[in-house]
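Single-structure report; data block below.
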Amino acid sequence: MKTLLLLGGGFLQCFVIKKAKELGYRVMVLDADPNAMGFQMADNYAVINIVNEEACLKYAQEHKVDGVLTAATDFSVLTMSRIAEEMHLPGINYKAAKRIKNKADVRKCLFDAKADDTGYSFEIDSLDQIPQILPRVKFPVMMKPCDGSGSRGASRVDEASDFEKACVFAMSGSITHRAVAEPFVEGKEYGVESFVDHGEIHILGIMQKDMTLPPYYAELGHAIPSGLSPKQEERISSCVRKALLALEVNHGSVNMDLLIGDNGDVHIVDIGARMGGNLIGSHVIPIGTGVDYMGNMIRAAVGDPTDFMSHGQHQPVATKLLALTPGKVKALPDFKTIEEEYKVKIEHHLHVGDAINEYHTNLDGCGYVVATDLDVKCAIERAAMVKKTIDELIVRE
Ligand SMILES: Nc1ncnc2c1ncn2[C@@H]1O[C@H](COP(=O)(O)OP(=O)(O)O)[C@@H](O)[C@H]1O
Ligand SMILES: [Mg+2]
């Protein structure tokens with residue numbers, strides 16, 4: 001029996017743990033949170049911070065794991081890569097993982113490789129650089145932390161007088177106090193999930209995305225099919241392939257956020273060298289494409305044979321994040337009844353007594369509604385309607 005080490009044992013990682021157990025693997029889970037829900041399902045676990053490369057590597061070596069994975073979080077991508085490299089397990093090489101962690105480095109690499117249509121970007125690690133940079137900046141720009149996640153610290157800047165303030169905001173959201181200013185793209189947002197299997201690139205799915213309104217840029221849902229023409233999808237796939245080659249991604253899951261300009265231009269705005277969050281890996285890709293994504297991602301991690309072709313049935317699918325009205329939960333509706341009545345799946349982590357925050361980043365989400373239908377628009381509408389119903393049925397203090 002092979003052993004998989006999973007870095008992170010939160011709500012979204014539980015889907016990976018469950019799948020790996022179903023496939024007959026032993027699963028070991030690390031998480032800094034002693035109450036991580038994934039611990040209950042694991043064969044073995046330890047309370048270790050998943051950004052601590054040394055401590056996680058020591059645990060992996062002691063337990064002689066056969067594979068290492070992280071999913072739906074950027075925090076442990078470097079740790080995953082480090083363990084894979086040190087222990088000669090399948091995984092993304094450390095150099096590529098490190099570069100992908102820095103949005104400014106990624107932008108520079110993609111710009112040099114002409115992987116997409118995004119113009120020149122600036123990396124800022126000190127406010128002293130601003131006077132030299134400003135004359136070269138074409139507004140509007142998007143200012144973001146170089147190593148941010150969950151859309152924190154990102155803002156649009158329309159004029160030079162707001163540049164420094166946005167820069168301070170972005171740096172405050174960056175562990176390394178660095179910001180990147182890139183051309184602001186007017187357009188619609190899409191997600192692309194890929195898996196590189198020992199150098200062989202599989203573009204698994206292109207998803208349309210629902211986002212909050214500015215000034216927040218948080219995800220509200222995903223759907224397949226994308227609604228784009230085959231020609232547009234082909235062009236996106238070609239950009240994604242070029243990007244993966246330029247970034248020298250040799251192995252593993254890659255989740256990208258893209259903006260498609262009103263004129264069809266392709267802009268890769270964000271890359272994570274791990275399976276996407278927000279039920280992308282566990283629900284959206286398998287239901288929408290028929291590819292057993294998580295099963296093959298797990299098999300690839302432990303060096304077992306993979307098959308990334310579409311076999312199962314697939315159908316239009318849409319998710320809506322439970323981005324709910326703030327308040328303290330006094331009573332919850334009967335989710336089973338709602339699931340049956342509206343023929344949806346609800347995956348949530350709400351409890352009586354929980355505080356629901358105003359929805360600014362996907363960390364403020366309380367779960368998801370998943371709907372399938374013959375037509376993707378109908379799936380999207382039903383998921384949205386059920387989300388609204390849940391919001392109205394929750395009793396707040
Ligand atoms: N250049 C851009 N132009 C317009 N909007 C952008 C740009 N870059 C990012 N965004 C928006 O901000 C969101 C967060 O940026 P992203 O780079 O994905 O950061 P994070 O790592 O926090 O998810 C994106 O999903 C997108 O909606
Ligand atoms: Mg993003």
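Along the sequence shown, the residues carry numbers beginning at 1. As the structure lists them, so they are numbered: ligands from 1, and atoms in each ligand from 1.
Given atom 22 (O) of ligand 1, the protein heavy atom at minimum distance is S151 N, 2.6 Å. Here the heavy atom of the protein found nearest to atom 3 (N) of ligand 1 is V185 N, 2.9 Å. Among all protein heavy atoms, the one lying closest to atom 5 (N) of ligand 1 is L259 CD1, 3.4 Å.
Close approach to E182 involves these atoms of ligand 1, each under 4.0 Å from a residue heavy atom: 1 (N), 2 (C), 7 (C), 8 (N). Taking every heavy atom of D257 and a limit of under 4.0 angstrom, the matching atoms of ligand 1 come to 18 (O). Close contacts between ligand 1 and D270 involve ligand atoms 16 (P), 17 (O), 18 (O), 19 (O), 20 (P), 21 (O), 23 (O) [criterion: under 4.0 Å to a heavy atom]. If you number the atoms of ligand 1 from 1 as listed, the ones under 4.0 Å from a heavy atom of E189 come out as 24 (C), 25 (O), 26 (C), 27 (O).
Between M211 and ligand 1, no N or O atom pair is found at a separation short of 3.5 Å. Checking only distances, M142 never comes within under 3.5 Å of ligand 1, N or O to N or O. Residue Y217 has no nitrogen or oxygen atom sitting less than 3.5 Å from a nitrogen or oxygen atom of ligand 1, judged on distance alone. Annotation: K144 places an N or O atom under 3.5 Å from an N or O atom of ligand 1; distance criterion only. Considering backbone and side-chain atoms together, P183 places an N or O closer than 3.5 Å to an N or O of ligand 1.
Taking the Mg ion (ligand 2) as reference, D270 places its N/O/S atom OD2 nearest. Closest approach between the Mg ion (ligand 2) and any N/O/S atom of D257 involves OD2.
The distance from the CG atom of L247 to the CD1 atom of I268 is 8.0 Å, given to the nearest 0.5 Å.
Checked against the 6.0 Å centroid threshold, H348 and F335 count as a close aromatic pair. Aromatic ring centres of F195 and H202 lie farther apart than the 6.0 Å criterion allows.
Of the listed options R156, H267, K103, K103 places a heavy atom closest to atom 16 (P) of ligand 1.
Of the candidates D66, D304, D43, K2 forms a salt bridge (Lys or Arg N to Asp or Glu O under 4.0 Å) with just one, namely D304.
Residues N278 and Y368 bring a donor and an acceptor atom of their side chains to less than 3.5 Å of each other. Donor-acceptor pairing under 3.5 Å is lacking for the side chains of E86 and Y94. Defined by atom type and a distance below 3.5 Å, a donor-acceptor pair is missing between the side-chain atoms of S149 and D74.
Residue-level proximity to ligand 1 for E186 is absent, since no heavy atom of it falls below 4.0 angstrom. For V269, heavy-atom contacts with ligand 1 shorter than 4.0 Å involve the backbone as well as the side chain.
Under the 4.5 Å side-chain heavy-atom criterion for Ile, Leu, Val, Met, Phe, Trp and Tyr, I280 and V317 are members of the same hydrophobic cluster. Residues V16 and V302 share a single hydrophobic cluster, defined by chaining ILVMFWY side chains whose heavy atoms lie under 4.5 Å apart.
In this structure, Y120 and F111 have perpendicular ring planes: the angle between them is above 60°, well past the 30° mark.
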Stepwise ring-ring contact (aromatic ring centres under 6.0 Å, His included) test for H283 and F15 = CA-CA 9 Å; H283 295 67; F15 296 101; 5.2 Å; yes

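Backbone or side-chain N, O or S atoms of E219 do not reach the Mg ion (ligand 2) at under 2.8 Å.
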